[in-house]
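Sequential numbering from 1 along the given sequence is applied to the chain's residues. Predicted model, so just to flag it, every value in this text is computed and none were measured.
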Amino acid sequence: MLNLKQRLAAQPQGVTAIFFIQIFSTLGFAVLYSTLVFYMTKKLSFSVKDSTAIFGVFGAFNYGLHLFGGYLGGRFLSNRNLFVGGMVLQVIGCGIISSGNVMPLYVGLAFFLTGCGLNVTCLNLMLTQRFRPEDQRRESAFLWNYAGMNLGFFIGFTVSGHYELTQDYVSLFIFATVGNFVAIVLAALNWKVLKDLNTPLLTATPEKFKLRLLAGILILIGVIPIVFWNLKNASLSSELVIAAGIAIAAVLIIVTMRHPDAREKNNMWAYLILAVGSLVFWTLYQMAPSGLSLFIDSNVERRLFGIEIAPQWVQNLNTIVIMIGGPLMAIWFKNLRDKGWKIDIPQQFSASLILIGIGFLVLPIGILFADKNGLVNFNWIVLSYIFQSVGELLISPVGYAMIGRLAPTQYQGVMMGAWMLVTGVASILSSYFSGFIPEASAGNAVVTNQVYSTIFSNLGWGSVAVGVVMIFLIPALRRLISDAPNANGATAPTT
């Protein structure tokens, strides 16, 4: 414990506060992420197709608003103000949802999603501003912050599972409300040390700051009805997100074809190819809180040693693998590279696609060995989540870092936004596949297992096929990816 205190004390002022704020600010999202589909299908009697469609829009807008949140915080409200304002909206949203009716669900989700989508980036920006560019402590601080986020998810998933077993959703949403409120209190207690240190807003005169603050508040409030409309019209919204994804992809292809710098053009082509792999991976990955959770709830033997395992608790398998496997994989990769092994982005993307594909392919095998009631042994779920989580470790950490390397300076903002949109589109595609999940009332596990087996097989083999194609593309991708020219004009070697 002394060592932990020493580590925290060695960080710049505000870093420790952000670590604990991260834990509590994650609780509300963890609750809705793991429970929303169950709440809609079981409590509000939504169909599987409708509930997964709404969840797809929820995921798409959550990721899509992240980029806008950084812009709104840095130029209008300040990151500190926007974070607290977003948390206030999350508290209001969870409180409204807890009423237990259909219309409050849409209204509450609109408030919550606006706050959550816009303030996540602000917390990361506040953290990075505590460090100078050359400060080597930044990486350690972000690792701690990532651990805090995962701890928040672990607590949120665990509590969600407890209340899921008793169907006490009101108490669950009240818990989320209290957790988010604690984050506001912690931010208020550390208000001075969380101030913005390097944003365009700091250069504004007091008069301009007030005008921007007012404009920022109006924008923040104006986003709520937009999100509400999209949630109410989930099917149309899904089509709009897909259309936006196709349009931006077309624009990026045209921009890449016309880009004058040959080296940068090659990097942009590599980015586009890897984006396809990322789309496939995150589509399968985001099945976990929707279609896969419904399968676990109705077709898996969830009683271990006499204890009933809530579907939300299964999500913690991912959290545990990430928290333990992340450092171990980093050490393993370092040792391999020290021995001369070449481990790079194309290899990691390929492996991640094959691993998550295998994670889905083990499920039909488990269905094949189901008991007489059609229930699948829980060990198959554990194995599936391990494969999926290891795949995440290979692709997630390098995704955003890759953009800084491959995107030309003038396109970095657009390409970062497009990368976030990939995850949003994946959320919509995931909802489409989850919409094929059979209704619980349509029959027991014996009847529905064949449908699940077909869905999981198709998704798994599709991901493996894309992963194999990526393997064959590794030499081409390595030729495309290159760093900036060195002082002699030659291209620096890739790693």
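Between Gln315 atom CD and Phe157 atom CZ the span is 5.0 Å, to the nearest 0.5 Å. Here Asn316 contributes atom CG and Phe153 contributes atom CZ; the two are 10.5 Å apart, rounded to the nearest 0.5 Å. In this structure, OG1 on Thr26 lies 9.5 Å from CD1 on Ile155, to the nearest 0.5 angstrom. Between the CE atom of Met287 and the CG atom of Leu459 there is a distance of 5.5 Å, given to the nearest 0.5 Å. Taking CG of Leu118 as the reference point, atom CG of Leu65 lies at 5.0 Å (rounded to 0.5 Å). With rounding to the nearest 0.5 angstrom, the CD1 atom of Ile322 is 3.5 Å from the CG atom of Leu393.
A side-chain donor-acceptor contact under 3.5 Å links Gln348 to the backbone of Leu394. Side-chain atoms of Thr256 never come within 3.5 Å of backbone atoms of Trp269 as a donor-acceptor pair (strictly under, hydrogens ignored). Remark: side-chain polar atoms of Thr35 are paired, donor with acceptor, to backbone N or O of Val31 under 3.5 angstrom. Side-chain atoms of Arg212 never come within 3.5 Å of backbone atoms of Leu77 as a donor-acceptor pair (strictly under, hydrogens ignored). At least one donor-acceptor pair closer than 3.5 Å links the side chain of Ser25 to the backbone N or O of Gln22. At least one donor-acceptor pair closer than 3.5 Å links the side chain of Gln347 to the backbone N or O of Lys342. Remark: side-chain polar atoms of Ser237 are paired, donor with acceptor, to backbone N or O of Asn230 under 3.5 angstrom.
No side-chain heavy atom of Asn119 sits under 4.5 Å from any side-chain heavy atom of Leu123. Side-chain contact between Leu109 and Leu36 is present, with heavy atoms from C-beta onward closer than 4.5 Å. Counting heavy atoms from C-beta on, the side chains of Ile54 and Tyr106 come closer than 4.5 Å. Side-chain contact between Phe154 and Met323: absent, with no pair of heavy atoms (C-beta onward) separated by less than 4.5 Å. Side-chain contact check for Val57 versus Leu113: every heavy-atom pair is 4.5 Å or farther apart.
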> Can you list the steps and then say if Leu284 with Ser430 is a side-chain contact (heavy atoms from CB on, under 4.5 Å)?
Replying inline: CA-CA 6 Å; Leu284 270 67; Ser430 176; over 6 Å; no
>> Between Asn62 and Phe29, does the side-chain contact (heavy atoms from CB on, under 4.5 Å) criterion hold? Intermediate values first, please.
In response: CA-CA 10 Å; Asn62 174 62; Phe29 181 78; 3.7 Å; yes
> Should Leu82 and Phe76 be marked as a side-chain contact (heavy atoms from CB on, under 4.5 Å) after you check the CA-CA gap, both sets of side-chain angles, and the distance that decides it?
Replying inline: CA-CA 9 Å; Leu82 179 54; Phe76 289 90; over 6 Å; no
> Given Tyr385 and Val321, is the side-chain contact (heavy atoms from CB on, under 4.5 Å) satisfied, shown in steps?
Replying inline: CA-CA 9 Å; Tyr385 268 80; Val321 172; over 6 Å; no
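Checking Ser384 against Gln388 by side-chain atom types alone, a donor-acceptor pair falls below 3.5 Å. Residues Ser293 and Gln312 have side chains that never bring a donor and an acceptor to within less than 3.5 angstrom of each other. Glu392 and Tyr285 form a side-chain donor-acceptor contact under 3.5 Å, judged by distance and modelled atom types alone. Side-chain contact, Trp461 with Ser457: no donor N or O sits under 3.5 Å from an acceptor N or O. In this model, a donor atom of one side chain and an acceptor atom of the other lie less than 3.5 Å apart for Ser290 and Ser434.
Annotation: Phe436, atom CZ; neighbour count of heavy atoms from other residues, nucleotides and ligands within 6.0 Å does not exceed 12. Within 6.0 Å of atom CH2 in Trp332, 12 or fewer heavy atoms from other residues, nucleotides or ligands are found, so the atom counts as exposed in its surroundings. Within a 6.0 Å sphere centred on NZ of Lys265, heavy atoms belonging to other residues, nucleotides or ligands number more than 12.
Residue Ser352 comes nearest to Phe349 through the heavy atom pair OG-O, 2.7 Å, listed as atom of the first residue, atom of the second, then distance. Thr52 and Ser431 get closest at one heavy-atom pair: O-CB, 2.9 Å. Of all heavy-atom pairs between Gly291 and Ile437, the closest is CA-CG1, 3.8 Å. Contact between Ser427 and Phe55 at its shortest, heavy atoms only, is OG-O, 4.1 Å. Contact record, Leu477 with Met470: CD1-CE, 4.4 Å, taken as the closest heavy-atom pair. Shortest non-hydrogen contact noted between Val425 and Gly245 is CG2-CA, 4.1 Å.
Looking at Leu429, Thr423, Leu421, Leu274 one by one, the single match for side chain to side chain contact (heavy atoms under 4.5 Å, CB included) with Leu279 turns out to be Leu429.
Aromatic rings from Phe456 and Phe295 are positioned such that their centres are separated by under 6.0 Å.
Relative orientation of the Trp419 and Tyr271 rings is tilted, given thresholds of 30° and 60° on the angle between their planes.
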